[in-house]
Every structure is written in C-alpha cells, then in structure tokens.
Amino acid sequence: MADIIQLLPDFVANQIAAGEVIQRPASVVKELMENAVDAGATQVHLIVKDSGRTLLQIIDDGCGMSAADARLCFERHATSKISSAEDLFRIRTKGFRGEALASIGSVAHVELKTRLHDEELGTRILMEGSDVRVAEPCQTAQGTSFSVRNLFFNVPARRQFLKTDAIEFKHILDEFQRIALAHPEVAFIMHHNQSEVYHLLRGNFRQRVVALFGVKLDERLVPVDEDTDVVRITGFVGKPEFARKSRGEQFFFVNGRFIKHPYLHHALSGAMDGLMSEGKYPLYFLHLEVDPSRIDVNIHPTKTEVKFREEKAIYSILKSAVRRGLGRFQIAPTLDFEQESSFNIAPFDKDRPVVVPEVAVNLDYNPFANEAPRKEGLAARLGRERFTRSRGYDDFYRILQGEPMDDAQPESAAVHMQQAIAMPADSNDEKGRVGAALFQMARAYIITPIKSGMLWIDQQRAHERILYEKYYHGEDTLTGSQQLLFPETVTLTPAEHAAVLSARESLGAFGFEVEDLGGRDIIIHGVPVDLSSRDPRDMLESVLKALQEDADDVEHPVRHRLALGLARAGSIKRGQVLSDAEMRDLIDRLFTCAVPAYTPTGRKVVVTFTPEEMANKFD
Ligand code: ADP
Ligand code: MG
C-alpha cells in the first residue's frame, strides 16, 4: 500500500490550532492584551469596533520588537518566553506557548506596527491568513500595535457561531476586566465604537476594583491578607450583606492570571456560610501567589484552569483567611429578612373573652383596579370568572403538591387546575370558601385555613408570579407607555448599556422608552403605564439585572427576562401591610395563574401545613 501520511501545510495546522485558542473576538483581546502586559507596557489601549467583528486594536508602550522578531512572532511555537521544557516550571509571564499570534494571523487580517525603544524606525507587517503580504520599515510610536480586522474571514463556520453583538461585547468586557484587575500597575483604556468605555489610571488593587465596578463597592469591601508557606492570599471579599442574587464579580487570580476554580469557590461560599442568605453569590477579588513549580497551568489551552499540588491545604487556608478577614471587620452574622420576621404579638390577656375576629369586606373593592383586565386569564378560559369565590382554596391544595411546573408548558398546569375545579364543591363547608379568614403575618405572609390544613403564601413572590404572567403572556393587555414629566438620565455600566441597546425594541414593547445619549448615558422618557408610580431608575435597574442574568442562556428569550424584571420591580414587597381586600384579591389572582405555586425562577410561592404536620409539632 502506498504511503498515505503527509505533513499538514502550516496554514492548515495554524487554523486547527486557532480553533483552540481563538474562539471569538474576546479571545483575541485576551491574547493581545496579555502580550502587551508581558512586554512590560505601562499603558495599554484597546479599541473595539462592532464588538470586534470589524476591528480589534491593541496598542502598548512596551518593549517592542526588532524587524526580525516582528516577522518571526507569527510563526508557530515562536516565543521569547521559554526556551526549554524546564522553563515551564518557572513561568511568570502570561503567554509561553507561542501559539496566539500564529493562530490570530491565520484567521484574520492583521497589521503589526512595532518599534524597539532605542531604534528610530519601526517595522510594519501585514498578514492575511498566515501569508506575509507586506513587511517594511515604518514610522511608529515606541511599543507595539496590533490591528485585527475581519476576524474569521476565512472560517465561515466560526463566524456563524458568533453570538449577538451584545453577547460578544460582554465577553470582551469580561476579558478586559480580568486583565485590568490582574494589573493595577498598568493603565488601561478601552474604546468601543468611538466612545470611551474605561479609562483606568495606574493605582493599587482596591482603586482598580472600584474604578471598574463603581464607587459604591468601596465601602463594601473587606480586605483579606494571609501569608503561609504554601500560598499568599491578598485581596477583598464583599461584605456578605451585599451578596447578590446573580453571579457577579467573582475573581480569583493565581500568580497574576485569572482562573476559574469551582473547588476554591466552594471554600468562599463555605466561609460565608450563615452570613449570606441562600441563593446568593459572594463577591470576591482575590490574588493567590503560589510557587510556580507547584501548579500546572497547562491543563487547558485557554488556561483559565489550574491544578494545585496542595489543593486541600489551599482550600482550608483560603476559607479561614476569609473568615478572619470578616471577623476583623466585625461582620457578625446578619439574618436575612426571611428569618428575621418580627413577631409583634400583644401578650394574651386571660380575663378577656376570646372573640373570633370579624372581617368586613367590600367585595367590590379592587386595589389593582387600575391594571388592565386579563383577557386570557385561565379562569376566563375555563369559563369560570373568579372561580375561587365559589370553590375555595382547598381545590388548589392538590396542585400545590406537584413539582414546579415548567413555564413553557402552562397547559399541564391548566389541566391540573381544571381537575381541581371539577371537584365537587362542599357547599356547607364555609371554611373552604373564600370567606375564610385571612391573616397577614410578619408583613410578609398571608395565612389562611383550608379544609386540609393551612396555606402560607409569600406576598411578594405571589405578586411576582401574577405580574410575570401578565407581562409574559399578555401582549394585548399591555397598556403602553406613560411619558415621564421629567425624563431621567441614567449612567450605566458598559455591560448594562450594551444590554439596553440590544433589548431596546422589546423594552419599547413593554412601555419603556429610552434614548441613547452615547457613552454610557441613556434617558428614560417613558415607563410602563401601570408601573408609572414606581421609581423609573429602580425599575430599569431591575429589568437590566434580569436581562443580564445568564445572558448566554438562549433558552430564555428576552421576553421572559423583561417580564421577570418588571414583575420584580412592580411587585408589592415584604414589609408592606395589606388590607383584607388586598390579600383576597392577591390570592384570587394568584390562583388564576397558570403556575401559581412557584415564582418564574422556581421558588415556592405557597407552602401548606397538614393537620398531621401540626400534630407532630405537639409531640
Ligand atoms: P507567547 O505569548 O506564548 O510567547 P505569542 O504568539 O502570543 O506567544 O507571541 C509570540 C512572541 O511575540 C512573544 O513571545 C513575544 O516575544 C512577541 N510579542 C507578542 N506581542 C508582543 C508585544 N505586544 N510587544 C512585544 N513583543 C510581543
Ligand atoms: Mg501571547
């Protein structure tokens, strides 16, 4: 048989390697910014056009390259950073594989201009899909500039896999932030489509954190500082009471390199145990310094993972360092609202006769009367307007026993509901009817007895569910936009700004009218009519938070996020006193929802207690 093995031509090999190293515009940003830092730059400037599809340029004032090096740097395994395998165990630079430039050069049009400090003329190189098109002397500032245009021009499959501009831009921001955080001693500037996104001055780590994530953060940071033989840990954690519901700012750096490390993350969560309410994520910005020979950073091509030899020891050191940091700042356990309900119950007077409270209800009173009627409410669909009035809440007991139902299939909930309604009503049993007593407890829960026990309803979550379904399903009932008398100008973070712009149309459909002022500013001109009494800024903030949560998650459309954000912003909160009529209305409306028992994010709205469970309490 003939010989069949052949060596792949260089450009093919480079493109294959590029697939691993360069997945999206943000990968180019990472590699080129790291090279700039490795070159000893004191200032790095990133210029982005169209989320990197059109142009990514990185300009540094680092050491620059000679004419020969400028040509050589695009070759595979061309690196100045290691020369032998042993060097791998002493690495202090970001790069060392010599793959990045070869990869980028094979999938884009790249222009390099570079000049050594002590030379008068620099070098200009033009690359197109691994071919050197131009190599000539040129005038240029000292340092290096890489311009990357038409990324993936020759790899259509890659181009197609790019996400929306907003998502690609978010990835670029992530990379930029990681490198900027790792190097507060370097100034970083970033422009996107002509406007300045960041201008970060040289400073210390705390100043860098605040410059990137806002001055509000400053007072929320607690320093961590621990030096042991195995690891030195420095940096900051967020005070637990400011922990957030969305995975936000969580940064580990090992020897100046950003890493993801679920195991160490767990140590952090462990250290905050009992200080943070459930479902919240701690904030942290932590540097770990470890002898380079005791880690292996080479297990993943894009190197956001590392393997420590003393992983277990580092875990416990980290956990206790954070605990100690918090202790030093006397952050005592703070309870969250759910545990902290204040029971202001007057002492029981034995001599007074016990009277059943009388409830006077104006059944026509509807505190939500200004909201548009729900045209396609489940009750209406089933031909029984406000059926709870004749059936009582017991019917829902069975539904509540079920698992969280998928919002995508409200039909299954409707079937349950229909069965519940079809159950024969016991017309003699007053307690099961809507006239049954309702109590508000701790200004947070509505409690009502039912035949089969007792229902506890979380008022805030109940209203969230109601509003969510209203916004999600009811295009035709959306009542449009209310113009603000005094339009509000709001300054956003770059990520928020990108999110607003990409969702502007959907925001408009919900009644939000926003105008882009360029930079990071927008003006809110109009808000959803039925929420016009709320603070527009708060509302937008809540919507933005929902928009950004897992922005990569394509299963949940923008509509879901917007509905969620609006529902959270517009819902009555815990702590609000409700009248009897308001409670009744809330419950009636909750049980006409397709999925009454859970919030849109799957948390319980209603809990039930059976007589057996209560009997157990009296053991
Ligand atoms: P690596 O960073 O792994 O060495 P790269 O492909 O990223 O590989 O870069 C190849 C080489 O090009 C580097 O080792 C360095 O010598 C040189 N180089 C790249 N970018 C710059 C820069 N901004 N300034 C000076 N030299 C650079
Ligand atoms: Mg590199």
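Computed from a prediction, not measured in an experiment: that's the story for all the values here. Heavy-atom basis, side chains included; hydrogens, waters and symmetry copies ignored. Indexing begins at 1, ligand by ligand and atom by atom, following the structure's order.
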Check your understanding: Does Phe242 have Arg220 sitting over its ring (NZ/CZ under 6.0 Å from centre, angle to axis within 45°)?
Key ->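 Flagged: Arg220 positioned over aromatic ring of Phe242.
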Exercise for review: Flag this pair as yes if the NZ/CZ of Arg520 is under 6.0 angstrom from the six-membered ring centre of Tyr198 and inside a 45 degree cone about the axis; otherwise no.
Suggested key: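 Pair Arg520/Tyr198 counts as cation-pi.
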Point to revise | Closest candidate by heavy atom, reference atom 17 (C) of ligand 1, pool Glu31, Glu99, Glu34, Met65 | key: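 Selected option, by shortest heavy-atom distance: Met65.
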Practice item. Just let me know how Asp60 lines up against ligand 1, side chain, backbone, both or neither, with a heavy-atom cut-off below 4.0 Å. Key: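 Looking at Asp60 and ligand 1, just side chain atoms fall under 4.0 Å.
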Exercise for review: With heavy atoms under 4.0 Å as the rule, classify the contact between Leu101 and ligand 1 as side chain, backbone, both or neither.
Suggested key: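 It is both backbone and side chain that touch ligand 1.
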Under a 4.0 Å N-O cut-off, is there an ion pair linking [X] with [Y]?
{"X": "Glu541", "Y": "Arg537", "answer": "no"}
{"X": "Arg24", "Y": "Glu168", "answer": "yes"}
{"X": "Asp218", "Y": "Lys216", "answer": "no"}

Point to revise | Distance-only N or O hit between ligand 1 and Asn35, under 3.5 Å | key: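 Yes; at least one N/O pair falls below 3.5 Å.
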Within a distance under 4.0 Å of any heavy atom of [X], pick out the atoms of ligand 1 and give their elements.
{"X": "Phe146", "result": "20 (N)"}
{"X": "Ala39", "result": "22 (C), 24 (N), 25 (C)"}
{"X": "Ala100", "result": "6 (O), 7 (O)"}

Practice item. Determine the interplanar angle of the Phe205 and Phe236 rings, folded into 0 to 90°, and report it as parallel if under 30°, tilted if 30 to 60°, perpendicular if over 60°. Key: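 The rings of Phe205 and Phe236 lie parallel, inter-plane angle below 30°.
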